[in-house]
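In what follows, a single structure is set out as structure tokens and then discussed.
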Number of protein chains: 2
Amino acid sequence: MNTQSIDNGYDCWLNYKYIEEDRLRNSYVESCAQITVIGESAVMQSARRELSLALTSMLGKAPESGSFPVSDSGIVAGTFGSSPVFDELAREYVIDELGDEGYVIRAMDNDRLYLAAATDKGVLYAVFHFIRLLQTGESIEGLRVRQVPGNGLRMINHWDNMDGSIERGYAGNSIFYRDGEFVGDKGRIRDYARLLASGAINAVSINNVNVHQQESKLITKQFLPEVAIVADIFGDYGIRLYLSVNFASPIEIGGLDTADPLAPEVSEWWMRAARDIYRYVPDFGGFVVKADSEFRPGPFTYGRNHADGANMIADALEPFGGEVIWRCFVYNCLQDWRDRKTDRARAAYDHFTPLDGQFRDNVLLQIKNGPMDFQVREPVSPLFGGLKRTNQLLELQITQEYTGQQRHLCYLVPQWKEVFDFDTHARGQGSTVAETASGRLFGRKRGGIAAVTNIGDDANWTGHVLAQANWYGYSRLAWDAGLSSEQIALEWIRMTFGQEPGLESVILEMLMSSYGIYEDYTAPLGVGWMVNPGHHYGPNVDGYEYSKWGTYHYADCHGLGVDRSIRSGTGYAGQYHYPVAATYESPESCPDELLLFFHHVPYTHMLKSGKTVIQHIYDTHFGGAERAANLIAQWDSIAEKIDGQTYRETRERLVHQAEHAGEWRDLVNTYFYRKSGIADELGRLIY
Amino acid sequence: MNTQSIDNGYDCWLNYKYIEEDRLRNSYVESCAQITVIGESAVMQSARRELSLALTSMLGKAPESGSFPVSDSGIVAGTFGSSPVFDELAREYVIDELGDEGYVIRAMDNDRLYLAAATDKGVLYAVFHFIRLLQTGESIEGLRVRQVPGNGLRMINHWDNMDGSIERGYAGNSIFYRDGEFVGDKGRIRDYARLLASGAINAVSINNVNVHQQESKLITKQFLPEVAIVADIFGDYGIRLYLSVNFASPIEIGGLDTADPLAPEVSEWWMRAARDIYRYVPDFGGFVVKADSEFRPGPFTYGRNHADGANMIADALEPFGGEVIWRCFVYNCLQDWRDRKTDRARAAYDHFTPLDGQFRDNVLLQIKNGPMDFQVREPVSPLFGGLKRTNQLLELQITQEYTGQQRHLCYLVPQWKEVFDFDTHARGQGSTVAETASGRLFGRKRGGIAAVTNIGDDANWTGHVLAQANWYGYSRLAWDAGLSSEQIALEWIRMTFGQEPGLESVILEMLMSSYGIYEDYTAPLGVGWMVNPGHHYGPNVDGYEYSKWGTYHYADCHGLGVDRSIRSGTGYAGQYHYPVAATYESPESCPDELLLFFHHVPYTHMLKSGKTVIQHIYDTHFGGAERAANLIAQWDSIAEKIDGQTYRETRERLVHQAEHAGEWRDLVNTYFYRKSGIADELGRLIY
């Protein structure tokens with residue numbers, strides 16, 4: 001037993017623990033005594049360094065470095081064509097189908113293990129894959145792995161500001177910036193790039209989509225030399241760097257008097273800006289743009305549409321191979337709570353489907369998973385399946401803005417799985433979000449997934465150590481949405497804490513139950529927004545009820561929920577294809593967990609579960625808080641198996657969660673009891 | 001008509017307009033052609049300067065400066081005994097009864113006008129009084145004025161921080177500090193002192209009662225030289241300077257490891273601190289202390305009581321004639337909303353009455369007007385009348401924290417009058433707060449009134465020009481609580497805008513109706529706290545309902561209000577003397593406007609007005625918002641008579657108020673309609 005299993009959490013899942021079990025370790029040592037990594041590019045050097053580090057740590061002995069021509073046994077990693085040694089493998093696989101990022105891992109020729117790909121990046125991914133096999137105790141005998149990513153773009157978005165703060169960050173300050181400048185020591189950025197690469201992340205945007213004054217200058221010569229340094233660090237790990245830009249840049253930093261996308265001087269300005277950027281950062285990925293949203297400037301200012309805006313910038317980037325990632329989070333944020341006709345949930349679809357087919361090939365529309373804003377429970381955005389001739393990018397939120405802010409345990413992979421698996425029926429059954437976002441469904445070359453990161457400069461990156469599972473899980477799903485939540489959790493547990501059966505089952509149970517627990521004691525039946533305004537932490541049932549943000553539940557003494565049906569409501573349900581629209585349209589067929597999102601019903605409405613709405617609220621809140629409290633006992637049961645600091649820090653958060661879940665329970669139950677006047681059937685304490 | 005009547009509002013009510021009406025002006029000119037002010041102290045020079053400025057401006061001609069021996073006609077101002085010329089007057093009045101601050105104004109000996117007092121300060125007050133007579137068009141023939149202040153201490157509290165911000169400030173930044181230092185140019189402070197002196201304010205504390213790190217150092221040699229400069233400026237106008245201090249100063253700036261009031265090293269530290277202060281500021285007034293309140297340190301930390309804490313500091317100041325002003329705003333601010341037994345309203349009484357008689361003579365307990373915190377409507381604090389052997393200081397809030405933040409018009413003098421006139425019955429009928437706070441009721445030498453100012457560095461001092469009336473009115477009431485709200489308003493209107501009958505009646509009506517209007521569309525029946533947390537602006541019915549601040553209304557689908565009766569509630573009503581306690585104890589005898597403060601009643605409870613509670617809520621909110629909207633028309637009706645800038649700036653605020661009153665109306669009505677399910681009898685629009 002190793003109580004120093006994860007130290008302070010800095011290494012995350014790349015915690016290369018010495019494999020104590022002799023038989024297992026020896027089985028690895030045989031195949032890994034010698035490594036040969038062919039090629040000297042920066043990416044290939046990263047691969048070689050990582051493989052050597054992992055084997056040395058886990059097997060207790062540095063592998064011999066093989067040289068050309070390679071010896072008969074050991075690991076040989078490289079690109080097809082870099083050595084005749086891969087020729088046989090190349091005959092077996094269709095290299096074109098592997099693409100730029102796919103790879104194979106193959107035991108052949110007795111004791112040889114081949115890690116091969118068409119590109120250096122593919123080899124790096126193969127190396128991390130192979131390391132994972134060792135970390136999770138998999139057999140490597142007769143290995144025959146072929147992997148191709150499910151998404152072309154697998155991106156991380158940072159909402160970091162140059163003053164060092166992070167919008168919606170719950171794990172310290174930015175690792176990129178401090179006091180309006182880039183940090184001097186880039187060591188942590190390098191460590192971060194390595195962690196991203198281990199999950200095959202291939203794109204990162206490093207500043208907040210709300211681009212303030214200082215950040216607007218990131219695309220100017222004032223900051224481009226530093227941007228280039230950071231881009232190089234990511235480049236060493238096969239990751240392209242993107243920047244969020246201010247749509248009004250031509251005015252704010254360019255000195256023009258307009259940012260009209262159809263004004264020639266504006267497009268010229270962006271072209272010059274692109275030229276400057278690529279001079280410093282030849283492999284620059286492109287721009288992320290939040291326009292006409294929550295007081296950000298955009299094409300609407302000039303009477304233009306979002307295709308006008310995105311295409312103009314896309315044309316500037318196109319000659320250099322850059323992309324525009326254009327966010328669809330566009331809605332009226334000055335709504336009147338008295339107005340029950342306007343529906344924020346409709347906004348993205350209403351704004352963007354009329355433009356379908358009008359965007360350039362190097363534009364991707366980044367669409368949040370739900371129509372609102374990363375609530376605990378939302379339906380999937382109808383834009384997936386609504387757009388057919390436009391590149392899409394699914395946006396998820398790893399940082400736990402509405403899901404406990406890394407003080408509550410909430411393993412989000414099950415939520416994301418539901419999104420990926422949601423069938424839009426855009427081309428009949430099987431038209432899942434995984435198929436539409438990737439571009440496969442409509443045969444589009446670009447597509448993928450982006451997510452707002454949950455990391456900061458806390459020693460363990462994510463504040464709550466167990467929140468690292470969300471970071472890890474996101475990258476695994478981005479690669480392969482077919483993986484199960486359990487499998488991802490198990491990998492992460494083993495890689496982070498080591499192979500320890502007692503510990504494994506407990507943490508797995510904690511992770512797998514956590515999203516359900518959090519939903520139970522917070523947001524009943526898809527209602528959403530019952531949080532404190534601004535910081536979004538803690539219960540406040542009316543917190544957003546009379547606001548300008550389009551976020552209401554309309555609870556009165558009779559019932560609650562938002563009528564979004566076609567027949568009598570806002571018509572939002574009609575944005576889905578048949579039969580989804582029909583399912584949501586009627587309270588009878590609408591799934592319980594989304595009932596209040598789509599319908600206003602009495603407290604006495606009977607759910608499919610056989611409970612009334614009000615009793616469901618009481619039961620889930622009492623039950624959820626109780627299960628939250630039980631997490632402490634679960635964690636305590638493995639105290640001996642966890643590093644002391646990690647045990648204590650995590651326990652503190654679990655204790656806070658239990659207490660705070662009690663506050664959620666009491667406040668929500670009291671609110672609805674006071675409002676409905678209906679007593680709990682079980683007579684439990686409501687205030 | 002003079003449309004430049006108040007310029008940008010900077011001169012406030014010391015707006016010495018030329019008196020256009022010939023007959024009136026000439027009647028003044030006769031008596032004021034020559035002025036003789038006897039004495040050369042700084043205060044006397046202020047008096048001479050002011051008199052000369054006022055007469056020159058209003059009469060259009062500088063008065064001749066008289067000299068010794070004075071001529072037969074004109075104004076003669078000075079202290080008794082400073083010249084034989086006052087001897088006859090001195091025989092007529094009992095100078096001892098005038099005290100340090102009283103004065104007489106007397107026409108005698110044909111054309112002579114005497115302004116006389118026992119002290120220079122009294123003379124200065126006489127001068128301002130005389131000027132006011134001219135500004136308001138009073139006849140000065142046969143004048144016979146004798147004035148003695150109703151309160152010994154008439155204080156202004158500043159909640160200014162040294163970074164320049166003002167806690168609960170709504171009129172710009174501090175006039176004292178910027179960026180952690182005193183401002184360089186002290187001119188505005190001098191202008192401010194003059195305005196205070198015109199209202200006979202005699203004490204000012206210049207920093208926030210929440211004393212942060214930098215402000216803790218105000219009592220050290222780092223800042224005392226500057227404090228002395230500011231104290232001198234105020235001293236020139238007869239005003240003593242006080243500082244708010246941090247109870248933990250011995251630790252935070254003294255390097256001790258305790259602030260225990262019974263530790264000898266702590267009291268020695270305060271004695272040394274006092275010595276230092278008085279070396280720089282010989283007339284220093286003393287300290288204001290907020291201890292054990294809202295996370296401020298205090299004697300409770302050391303298991304001591306507030307008498308221990310206050311007396312220890314008082315002993316350090318006593319040799320120099322200084323005072324300790326100890327705030328009674330002490331309560332549990334980490335309350336549990338589930339706990340209906342703990343009652344914040346009880347806190348001040350419960351904490352301080354057991355200590356009655358234990359405080360030093362140079363300690364004054366500063367008591368907020370109500371038991372909560374400056375709500376629109378509260379009962380009067382039962383500490384008035386509860387304390388019999390302790391000096392008291394009534395604390396009011398001029399700055400409109402809960403009453404519209406100087407964006408809504410709310411003339412507060414009527415509210416304050418109700419406080420002064422409230423009969424505690426502590427020594428039978430007639431034991432008003434005016435009598436207890438002043439010290440008269442129990443024969444105590446010290447007593448008085450303090451208030452948190454509403455001024456900042458806005459050009460017109462108070463943001464909303466009409467809010468100057470609250471500042472002015474406060475000082476007038478502090479001097480003489482017997483003045484009526486109308487009289488004070490009329491004085492202020494005439495002094496500020498000039499004598500203009502059409503204008504006068506309109507502004508008077510606006511001011512006099514404003515508190516009722518504001519109460520109507522915000523806080524029904526004494527309920528309080530239905531505001532947004534933190535900044536306290538705008539409606540939020542549940543804003544403080546589930547908080548830790550002890551601020552609840554317990555609204556459910558049946559009714560609302562807090563049961564504070566003795567029989568079934570928190571017992572707060574029992575903190576009052578008979579018959580007040582009995583009146584509040586029963587819903588039948590409790591005045592409507594405080595019903596929900598003292599009782600939890602059904603929405604269908606019938607008020608004395610003949611309306612149900614719910615209908616009262618609807619009616620007052622519809623009516624209040626309508627009357628708020630009417631203020632614009634009232635203001636517009638005198639547009640021609642008001643300086644353009646003042647007209648426009650004030651109108652903007654009135655327009656905002658009308659709109660915001662509509663938001664209050666809709667939100668509060670909707671909240672209670674949704675909760676009660678009871679429709680408005682008149683079928684008006686509720687959402």
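For clarity, every value in this text was computed on a predicted model and none was experimentally measured. Here is how names work: the chains are called A, B, and so on, in the same order as the sequence lines, proteins then strands, and each is numbered from 1.
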- Message: Could you check whether atom CD of A:Glu659 has more than 12 heavy atoms from other residues, nucleotides or ligands sitting under 6.0 Å from it?
- Response: no
- Item | SB check B:Lys548 A:Glu663 (cutoff 4.0 Å) | no
- Around atom CD of B:Gln213, are there more than 12 heavy atoms of other residues, nucleotides or ligands at under 6.0 Å? no
- What do you reckon, is CZ of B:Arg178 surrounded by more than 12 foreign heavy atoms closer than 6.0 Å? no
- Task: Determine the sole option in B:Thr670, B:Asn540, B:Asp666 for which the side-chain contact (heavy atoms from CB on, under 4.5 Å) test with A:Tyr546 is passed.
- Result: B:Thr670
- Query: Would one find more than 12 heavy atoms of other residues, nucleotides or ligands at under 6.0 Å from atom CD of A:Gln214?
  - Reply: yes
- Query: How many angstroms lie between atom CD of B:Glu545 and atom CG of A:Leu667, to the nearest 0.5 angstrom?
  - Reply: 9.0 Å
- Query: If you tally heavy-atom pairs under 4.5 Å against chain B, which of A:Gly677, A:Ala555, A:Ser676 wins?
  - Reply: A:Ala555
- Message: Here's one to test your reading of the geometry: is the NZ or CZ of B:Lys675 within 45 degrees of the ring axis of A:Tyr673 and under 6.0 Å from its centre?
- Response: no
- Task: Run through A:Tyr554, A:Tyr552, A:Trp337 and flag the one making a ring-ring contact (aromatic ring centres under 6.0 Å, His included) with B:Tyr687.
- Result: A:Trp337
- Message: Just verifying a value: how many Å separate B:Arg674 CZ and A:Leu560 CG, rounded to the nearest 0.5 Å?
- Response: 10.5 Å
